[in-house]
K.L.:
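I have a structure I would like to understand better, so I am pasting it below and will then ask my questions one at a time.
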Amino acid sequence: MAGVDTQLPLLTEVFRPYLIENLKFSTIMADMVSFLDGSVGAVELFGIMTKEREEGAPAAMDAFLDLLEKKSIPGSYSRFINALRNMEDEKVKHIADWIEGINLDNLDTIEEQKHIVRAFAPKLQDVQTGLLIPHLQCLGRQDVELLRADVQNKGDCYAAITLMLTITTKQPGWFTELVNALRKVERHELADLLDPPEDHISEILPPNIEENPAEVCQETDAPQELQANAEIKPQGNPQDIPQDNPQNNPQEPEEIEKIELREYQKELAQPAIEGHNTVVVAPAGSGKTVVGVFIANDHLNREKGASNGKPKKVAFLVNKVPLVKQQQDQFKKYMASSKVIGVSGEMGSMTMEVKELLKDRDVIVMTAQILVNALNNTDSNQQRLDISDFSMIIMDECHRCQKGDPYNVIMSKYRDMKIDSPDKSRPQIVGLTAGLGVGQAQSSYKAESHILMICGNMDVHKISIVEKNLDELNEHVNIPTEETILVARHQDDKFAEVVNSIMAKIEMIIMESEGWKCLQKLDRNELKCPNTRGTQPYEQWVVKVKDTSAKVLTDNDMRRVIVACTNHLREYNNALFINHAARPKDGLTYLQKFFENENDKLDTFTKTENQLHTFFTAVEEQLQLIVEDPANCNPLLEKLGSTMKDAYNLKPDSCGILFTTTRSSTEALKAWIEESKDLKHLNPGILIGGGGSGGMTQSQQVDLLNMFKEKKTQINRSNISS
């Protein structure tokens, strides 16, 4: 049987009414079409588009959700959520956060709804809505009848969503009624999430989530599990609530640590202390962030004001949202909390906030994109943030300062100012990285050029590395040892032989097709088929052929032949990847899942599509015999298994990460570990990126990483290309 997307009912059942009311199929279709290609016919998608034009958006979205439910394609939920996040419309983006139970922005029109969904989400399946109804006097008679009908016909989970959507439209006082009702039915944990006791929490903000508009990261004494799932419900007008104002929150005097640098760290900091634009290059675990904090602190304390007469201000930039809170905490160890603030999220209509925050803070820790948004804001020239408002900019992971990365966008404004207004004060630039990299360079000259390019982008005068204190660095930094183990490949790979023969037949169909003849007239050298199947270059060729045919061929029949062939070639190529990284069994299982999904479309197959389907069915039994033969095991996997077993026997509580090249091979390796009697106790997890079909959402990634840290899973497989 094909895999089942267990989270899909959140879309097709739980949140269905909200999606139908608030989302257009045409808005999300463009981002879903590549995922659905091969599983859903163009006729079906065109029919839904027609329904939207003729019957309206709700009818079309209802039909689309029916289609997702019917097909139940693995990865549908994650792709749908990621498609929402890719939308330009901020009102559409917030739907994904709401579904996931993630803390959102403070838009007055939806704040209460989001807050309640966030609190209820972990317990939706067991909220007994029927017991709450008698205690909610704010509900009208029709509301009560609707809710009771939902409980009876659709269950408590569905009724809970209806309650959330209904109660937030009632007169002031509904929130208190709801909290009291939860306590009366002894759901105290939910009541506490909505309205924590005063001595339990001051303010809770969920970590590691990019908000819209801005989210201000603040200290809290709340338990970690509460921080991740709830936010205190402010009473009264949110605009009247003081935000991070020390005068409104009297506290005991802070204990600020003195920064004690090791000698190698002082060596790293010295060029920046002397005022040079500097890149600090040091290995992971060497304390680069502490060096950055020291440089910022020294900069702020060295003089009272900047050379342009403005007070000194430092921007500490990171490239990922989870790092905002992490790096902010580092600053707060050594500086007064009132002078440091962290901001994460797309600023949207609140791009002015960075300018406003600078008035009372010396250091702002934020994602680079927030600064880009603030610098690009054109709502008011009078309040517009200028790069000269900062006296120092520190970039974490500064090797990213190239091409269209936000770091380089920021530095392009710096470079423009240096050329157009050379007399205008510019911030000192400091970069932190474990290595500047060499890009795609395959020679020393090109590697050096890549490094110089990044330094040029950052207007860097010095690259600071440890030279004098290398012995001390080696004492304190755990630099991993690298060992290469050579494993001979199986000389007689029968699985690969069979799959390669099928791929050769499909390639011949493409080459002899009328569509290919049209493409060849374009003299496209990049369409030349690579010699090696089961490789990344081959997959790139397949995608290139498919995309080119979609753009160039106007004849539907010609295009359909090439699209069908390339779809099959890509699946066979993935099977070869899996066979190389894991077992022939996993490669066959992957193909069987693909063709099981294809069986639903047999009635609509063309002659070519029937031929492609027959290629597999003709050899499926032969492949089954191959995977059952112990002689066809993967030597690479056998060596990996013995290496892992030896490592865990030596240190049973250790954790490990296993890197592989494709998402499908991560699934295969997970299955192999779970079926191994010597390794299954490791409880493997999978970590992949969020793009494309079957990707992980941010909350799923965070949950997996937390399990890994807590050793609930001792081995993670990670797709290095995600």
Side-chain angles (χ1 to χ4, degrees), residues 265 267-284 286 288-296 298-300 306-308 312-320 323-324 327 354 363-376 385-422 424-441 445-466:
Q265 291 174 318
E267 182 181 351
L268 289 170
Q270 191 57 38
I273 296 299
E274 293 172 357
H276 299 292
N277 283 4
T278 305
V279 170
V280 174
V281 182
S286 58
K288 290 187 296 295
T289 300
V290 176
V291 171
V293 174
F294 180 83
I295 292 170
D298 179 86
H299 172 78
L300 292 169
S307 58
N308 60 359
K312 289 196 168 188
K313 303 292 180 181
V314 176
F316 191 99
L317 305 181
V318 297
N319 66 306
K320 296 183 183 298
L323 295 175
V324 172
Q327 307 297 50
V354 174
V363 178
I364 298 184
V365 183
M366 56 186 157
T367 55
Q369 187 60 51
I370 283 184
L371 184 53
V372 170
N373 294 344
L375 292 171
N376 288 337
L385 185 73
D386 189 84
I387 200 166
S388 64
D389 289 328
F390 294 98
S391 55
M392 175 177 280
I393 295 178
I394 303 176
M395 299 182 182
D396 196 19
E397 306 294 342
C398 67
H399 57 271
R400 304 176 66 89
C401 188
Q402 53 183 304
K403 300 179 181 179
D405 190 88
Y407 282 163
N408 202 27
V409 174
I410 293 166
M411 287 308 302
S412 69
K413 297 181 182 298
Y414 173 101
R415 297 191 297 268
D416 289 344
M417 184 172 66
K418 183 176 181 179
I419 295 172
D420 299 337
S421 306
K424 194 172 183 179
S425 177
R426 298 182 299 276
Q428 181 182 351
I429 305 299
V430 177
L432 308 175
T433 182
L436 290 170
V438 296
Q440 301 297 318
Y445 172 77
K446 290 186 177 180
E448 183 178 331
S449 297
H450 177 83
I451 294 172
L452 291 174
M453 178 266 293
I454 294 178
C455 291
N457 289 345
M458 297 180 63
D459 194 31
V460 159
H461 309 152
K462 301 281 186 179
I463 297 179
S464 181
I465 61 175
V466 178

K.L.:
Enter the distance from Leu375:CG to Ile370:CD1 here, rounded to the nearest 0.5 Å.
P.N.:
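Between atom CG of Leu375 and atom CD1 of Ile370 there are 11.5 Å.
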K.L.:
Hey, mind stepping through Tyr407 and Ile454 against side chain to side chain contact (heavy atoms under 4.5 Å, CB included) and telling me if it holds?
P.N.:
CA-CA 11 Å; Tyr407 282 163; Ile454 294 178; over 6 Å; no
K.L.:
Quick check on Glu448: does its CD atom have over 12 non-hydrogen neighbours (other residues, nucleotides or ligands) under 6.0 Å away?
P.N.:
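It does not: Glu448 CD has 12 such atoms or fewer within range.
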K.L.:
Atom CD1 of Ile463 and atom CE of Met458: how far apart are they, to the nearest 0.5 Å?
P.N.:
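Spacing of CD1 (Ile463) from CE (Met458) equals 10.0 Å.
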K.L.:
Can a donor-acceptor pair be found, under 3.5 Å and without considering hydrogens, that links the side chain of Ser464 to the backbone of Leu268?
P.N.:
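Yes, because the side chain of Ser464 sits within donor-acceptor range (under 3.5 Å) of the backbone of Leu268.
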K.L.:
Could you tell me if the side chain of Lys313 sits less than 4.5 Å from the side chain of Asp389, heavy atoms only?
P.N.:
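Side-chain contact under 4.5 Å: no.
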K.L.:
Under the criterion side-chain contact (heavy atoms from CB on, under 4.5 Å), which of Asp386, Val372, Asn376 is the partner of Lys413?
P.N.:
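The side-chain contact (heavy atoms from CB on, under 4.5 Å) with Lys413 is passed solely by Asn376 among Asp386, Val372, Asn376.
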K.L.:
Check step by step if side chain to side chain contact (heavy atoms under 4.5 Å, CB included) holds for Glu397 and Lys320.
P.N.:
CA-CA 10 Å; Glu397 306 294 342; Lys320 296 183 183 298; over 6 Å; no
K.L.:
Taking side chain as C-beta onward, heavy atoms only, is Asn457 less than 4.5 Å from Arg415?
P.N.:
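Asn457 vs Arg415: side chains touch.
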K.L.:
Could you go through Cys455 and Leu436, starting from their C-alpha distance and side-chain angles, then the distance that decides it, and tell me whether this counts as side chain to side chain contact (heavy atoms under 4.5 Å, CB included)?
P.N.:
CA-CA 9 Å; Cys455 291; Leu436 290 170; 4.2 Å; yes
K.L.:
Please round to the nearest 0.5 Å and tell me the distance separating atom CZ of Arg400 and atom CE of Met395.
P.N.:
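Answer for the CZ-CE pair, Arg400 versus Met395, is 12.5 Å.
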K.L.:
Under the criterion side chain to side chain donor-acceptor pair (under 3.5 Å), I'd like the reasoning laid out for Gln327 against Thr289: C-alpha separation, chi angles, the key distance, then a yes or no.
P.N.:
CA-CA 7 Å; Gln327 307 297 50; Thr289 300; 3.2 Å; yes
K.L.:
Below 4.5 Å, heavy atoms only, C-beta onward: do Ser391 and His299 meet side chain to side chain?
P.N.:
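With C-beta onward as the side chain, the pair touches.
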K.L.:
Is there side-chain contact between Phe316 and Leu323, with heavy atoms separated by less than 4.5 Å?
P.N.:
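No, too far: nothing below the 4.5 Å cut-off.
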K.L.:
Counting only heavy atoms from other residues, nucleotides and ligands, does the tally under 6.0 Å from CD of Gln440 exceed 12?
P.N.:
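12 or below, so no.
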K.L.:
Could you give the distance from NE2 (His461) to NE2 (His276), rounded to the nearest 0.5 Å?
P.N.:
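Separation between the atoms: 9.0 Å.
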K.L.:
Ignoring hydrogens, what is the shortest heavy-atom contact between Ala368 and Pro406? Give both atom names and the distance.
P.N.:
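Shortest heavy-atom separation between Ala368 and Pro406 comes out as CB-CB, 3.7 Å.
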K.L.:
Is atom NZ of Lys462 surrounded by more than 12 heavy atoms (other residues, nucleotides or ligands) closer than 6.0 Å?
P.N.:
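Not more than 12 within 6.0 Å, no.
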K.L.:
What distance do Tyr414 atom OH and Ile429 atom CD1 have between them, rounded to the nearest 0.5 Å?
P.N.:
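If I round to the nearest 0.5 Å, the distance is 5.5 Å.
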K.L.:
Are Val314 and Ile295 packed together at the side-chain level, in the sense that at least one heavy-atom pair is separated by less than 4.5 angstrom?
P.N.:
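Answer no - side chains too far apart.
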K.L.:
About how many Å separate CE of Met411 and CD1 of Ile393, when rounded to the nearest 0.5 Å?
P.N.:
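Here the interatomic distance stands at 7.0 Å.
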K.L.:
Do Phe390 and Val354 come within less than 4.5 Å of each other through their side chains, counting heavy atoms only?
P.N.:
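They are in side-chain contact.
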K.L.:
Quick one: closest heavy-atom pair of Val430 and Ala272, and the distance?
P.N.:
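Smallest heavy-atom distance, with atoms named: CG2-CB, 4.1 Å.
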